Amino acid sequence: MNKRMWAAALAAAVMFSSAAMLPSNDIQVVMGAAASASSGSEVEDKSTDGRTTATGFTFTVSGKEATITGYSGSVKDLAIPTKITVEQESSSGSGTGGSAQNPSTTSTEYQVVAIGNNAFSGNLGIQKLTMSGGIDKDGKVFGIRSIGERAFFACHDLSSIEIASTTDSIGKYAFTDCVALSTIKVADSNQRYKVIDNALYYYTAGVGTGEYKLVQFPLADKATEYKVPDAISGTLTEIEDGAFWGAPALETITIPATVREIGDNAFTECKKLKNISLPAGLKSLGEEAFKGDTSLAEVTLPAGITTIQPGTFQYCEALKKVNLSDDLKIIGNRAFQGCKSLTEFDVPGNVTTLGDQAFAQCESLHQITIPMRTTSIGSGVFTGTKVTVLCHNGSQASVYAAANGLTTERTYTVSFYTNSTYTNLISAQEIVEGKDAVPPQVDGRDGYRMSWSGSYTAIKQDTRVYEVWVKLFNVTFVDSFNGRTEVVQVDEGQMVVPPAWTMSGYTLEWDTDLDDYVTSDFTVRATWRNNKTGNKLSANAVKPAAKGTEVTKGNNKYLVSSSNAGNPTVKFVGLVNANVSNVAIPETISVGGVQYRVTLISANALKDNKSVTSVIISQNVKSICAKSFNNCTKLKKIKLKSKVISKMNNKAFAGIHAKAVFYTYNSQLAKYEQMLKSAGVKKPTVKRL
């Protein structure tokens, strides 16, 4: 009878609730982990009332397991107990007439397997937290298996946590808003959680394999950029709820292409966040994901996002531009509330719903375009704005604007389709009367050119256009002589326009008739006809050397002054062997199969030569440059056979032999005599050739 009374008293004293239990297969995982590495040590705490331990933990029990539900102590370096012993005093004895009872103590031991939801939320005293797990002296697994939602939410002094090897479940926001958190540790043998670069991840298989989820970024980290570690950049699939909430220093976050989900409040209150690239494969973006990110100015949502959840960009005060796809269908409640820098907004054509207060307090928003498909518009969508609504007459948006005293402007729908039957819509845009639509990007097809079936500019009515694909052919133009090729793409059935190649002294001709319509790929070769002789350059004709190329002929050195195939020229620049008496500058030279005209004697060509006594200048030379023969003291005989010399520059012949004689044709005597005076010969002796 007394035992039954004690059991009833204990039941009344303890509030039972179900502790977090592991499925049988996960128990095997934890036991395997503990068996491979016994980590942590047992921490015992005692209770006399069945609700609060001696050190201030409150708890509930179920069977032989306990869940920590709260803490009222003041320890800064806190270790979570692994077992709680409940001591219950009872009395027993015999006698009559109120004889004395003999008291006795009963102890019941509970294994602590979980930390409940909100158990330590808002605690401002705890600085370090240790959770243990492993195998006890009897070979049994002990330790924390689960940590509840918001278990340590807003523990602002918490700087260090250690997670047991047995923990395989951590609830949402468990360590969110722990602004002092700088160190996270997980026991090496834990089969579900791992710390990489001081951030906490959940993984689904052995270390380094399977898929990873980012659970918590250490908020006290001072880094301005977060990049997923290379070791898991190909396996990270999710950023969990609140993972970066309140990160004070982060300005740039790089998310790999493997991420498919971003949880609620993932980047809430990241005040310095300026740059984030969301991966193309992202399918889910949680509520209030960027709420309060006051430095974020632009963001692009990938095509996989069909809903902007409630509060996603709420109070992003610097947000000026949001790039959205036509996959978007719902803009949720408060999605852009308080985005003070938004000035214009185009709701994508497939959006059906604008939630309550979606653009409330967007005080700079002066224009928004709302499509015909938007048939559900919530309350207070534009509270605190002076926006003009661009919409169709008779649309739900126009009705809403009229009912709420908003200004409207007429728009028309421009729809882009893939086919002429208008059954496969690519996108639809609301365009203000008289303005132009912007066509969507369309993936190309090899060998085809795409155009639209009609005009989408200066819109004055609802308009539909579709893709038109035309077969393309390649016409290859080849100029072998000049070493150039150009490929021109031509629509099937059209005529090709050849490249406008030119070459001085020659006329371009083609070896193929270009007046026919193009129906296949083909090659056209250029031929060049000399404008003076009418001769064509042969297919194996040699091209002159490039301008500035040094060439040698006999004892003379030259530089190419023109590489024009119709009139290649060189200038005489000096001698290979300067110790010669006679120098002849010819009309032409032939080098490498190309004949060059010699048209100029370069400055300083024979300056200070003490050997040359005679020079012959042939008929193609047009100019004798400065100091060409300056101070050639033995030069006595100069034959000027050219009749086209137009310049003898400064001091070209100054300092030659005092008795030097110049010979030229009778027609040039007077002309060249004057030139020679300008070239440094005071009293030139000029005789007839």
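Quick caveat: nothing in here was measured; it's all calculated off a predicted structure. All residue numbers in this chain count up from 1 along the given sequence.
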So, do [X] and [Y] sit near enough that their side-chain heavy atoms are less than 4.5 Å apart?
| X | Y | answer |
| --- | --- | --- |
| Ile616 | Lys641 | yes |
| Asp516 | Leu514 | no |
| Ile645 | Tyr672 | yes |
| Trp452 | Glu467 | yes |
| Val490 | Leu472 | no |
| Ile431 | Asp436 | no |
| Met450 | Arg445 | no |
| Val347 | Thr374 | yes |

Measure from the ring center of Phe336 to the ring center of Phe345 and say whether it is less than 6.0 Å.
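Phe336 vs Phe345: aromatic centres under 6.0 Å.
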Is the Phe416-Tyr466 ring centre distance short of 6.0 angstrom?
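No - the distance between ring centres of Phe416 and Tyr466 does not fall below the 6.0 Å cut-off.
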List the steps and the verdict of side-chain hydrogen bond (donor to acceptor under 3.5 Å, both in side chains) for Asn393 and Ser398.
CA-CA 6 Å; Asn393 281 351; Ser398 67; 5.9 Å; no
Among Asn535, Thr507, Asp479, which residue satisfies the side chain to side chain donor-acceptor pair (under 3.5 Å) criterion with Trp528?
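Output: one option passes, namely Asp479.
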Closest approach of [X] to [Y] (non-hydrogen atoms, all atoms of both residues):
| X | Y | answer |
| --- | --- | --- |
| Ser284 | Ile305 | N-CD1, 3.7 Å |
| Ala626 | Asn649 | N-CB, 3.4 Å |
| Gln595 | Thr588 | NE2-OG1, 3.6 Å |

In terms of heavy-atom contacts, does [atom1] of [X] have more than 12 from other residues, nucleotides or ligands at under 6.0 Å?
| X | atom1 | value |
| --- | --- | --- |
| Phe522 | CZ | yes |
| Lys671 | NZ | yes |
| Lys557 | NZ | yes |
| Lys274 | NZ | no |
| Lys471 | NZ | yes |

Strictly distance-based, threshold 3.5 Å: is any side-chain N or O of [X] a donor or acceptor partner for the main-chain N or O of [Y]?
| X | Y | answer |
| --- | --- | --- |
| Thr237 | Val259 | no |
| Ser628 | Ser602 | yes |
| Lys553 | Ser590 | yes |
| Tyr448 | Val468 | no |
| Ser451 | Arg449 | no |
| Ser611 | Asn579 | no |
| Ser618 | Ile585 | yes |
| Asn555 | Asn577 | yes |
| Arg525 | Thr523 | no |
| His392 | Gly394 | no |

To the nearest 0.5 Å, what is the distance between [atom1] ([X]) and [atom2] ([Y])?
| X | Y | atom1 | atom2 | result |
| --- | --- | --- | --- | --- |
| Tyr412 | Ile459 | OH | CD1 | 10.0 Å |
| Ile276 | Asp293 | CD1 | CG | 8.5 Å |
| Asn630 | Cys625 | CG | SG | 13.5 Å |
| Ser561 | Asn567 | OG | CG | 9.0 Å |
| Leu689 | Gln668 | CG | CD | 10.5 Å |
| Lys639 | Lys687 | NZ | NZ | 13.0 Å |

Side chains of [Y] and [X]: any donor to acceptor distance under 3.5 Å?
| X | Y | result |
| --- | --- | --- |
| Thr599 | Asn620 | no |
| Gln367 | Thr343 | no |
| Thr457 | Ser455 | yes |
| Thr423 | Asn419 | yes |
| Asn424 | Tyr417 | no |
| Glu225 | Asn275 | no |
| Asn582 | Ser614 | yes |

Angle between ring planes, Phe477 versus Trp510, binned at 30° and 60°: parallel, tilted or perpendicular?
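If you compare the ring of Phe477 with that of Trp510, the planes turn out perpendicular.
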Name the orientation class of the two ring planes belonging to Phe653 and Phe662 (parallel below 30°, tilted from 30 to 60°, perpendicular beyond 60°).
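It falls in the perpendicular class, over 60°.
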Please assess Thr306 against Asp327 for the test side-chain hydrogen bond (donor to acceptor under 3.5 Å, both in side chains), listing each intermediate value before the final yes or no.
CA-CA 5 Å; Thr306 60; Asp327 287 357; over 6 Å; no
What do the steps show when you test Tyr596 against Tyr558 for side chain to side chain contact (heavy atoms under 4.5 Å, CB included), and what is the final call?
CA-CA 10 Å; Tyr596 299 87; Tyr558 305 89; over 6 Å; no
Taking only residues two or more places apart in sequence or in another chain, which ones pass side-chain hydrogen bond (donor to acceptor under 3.5 Å, both in side chains) with Glu261?
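Listed in chain order: nothing, the list is empty.
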For Leu635, the option from Asn609, Val583, Thr613, Ile656 that meets side-chain contact (heavy atoms from CB on, under 4.5 Å):
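The option that passes is Ile656.
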For Leu559 and Val570: C-alpha separation, side-chain torsions, deciding distance, then whether side chain to side chain contact (heavy atoms under 4.5 Å, CB included) applies.
CA-CA 5 Å; Leu559 288 180; Val570 295; over 6 Å; no
Geometric cation-pi criterion Lys643 and Tyr665, 6.0 Å radius, 45° cone:
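Yes, Lys643 and Tyr665 form such a contact.
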If you apply the rule salt bridge (Lys or Arg N to Asp or Glu O under 4.0 Å), what do you find for Glu509 with Arg529, and how did you get there?
CA-CA 7 Å; Glu509 298 177 355; Arg529 184 182 297 278; 2.8 Å; yes
Could you go step by step and tell me if Ile617 and Ile624 meet the side chain to side chain contact (heavy atoms under 4.5 Å, CB included) rule?
CA-CA 10 Å; Ile617 299 174; Ile624 302 173; 3.9 Å; yes
Begin with the C-alpha distance, continue with both residues' side-chain angles, and end with the deciding distance and a verdict on side chain to side chain contact (heavy atoms under 4.5 Å, CB included) for Thr633 and Lys610.
CA-CA 6 Å; Thr633 55; Lys610 306 302 182 186; 3.7 Å; yes
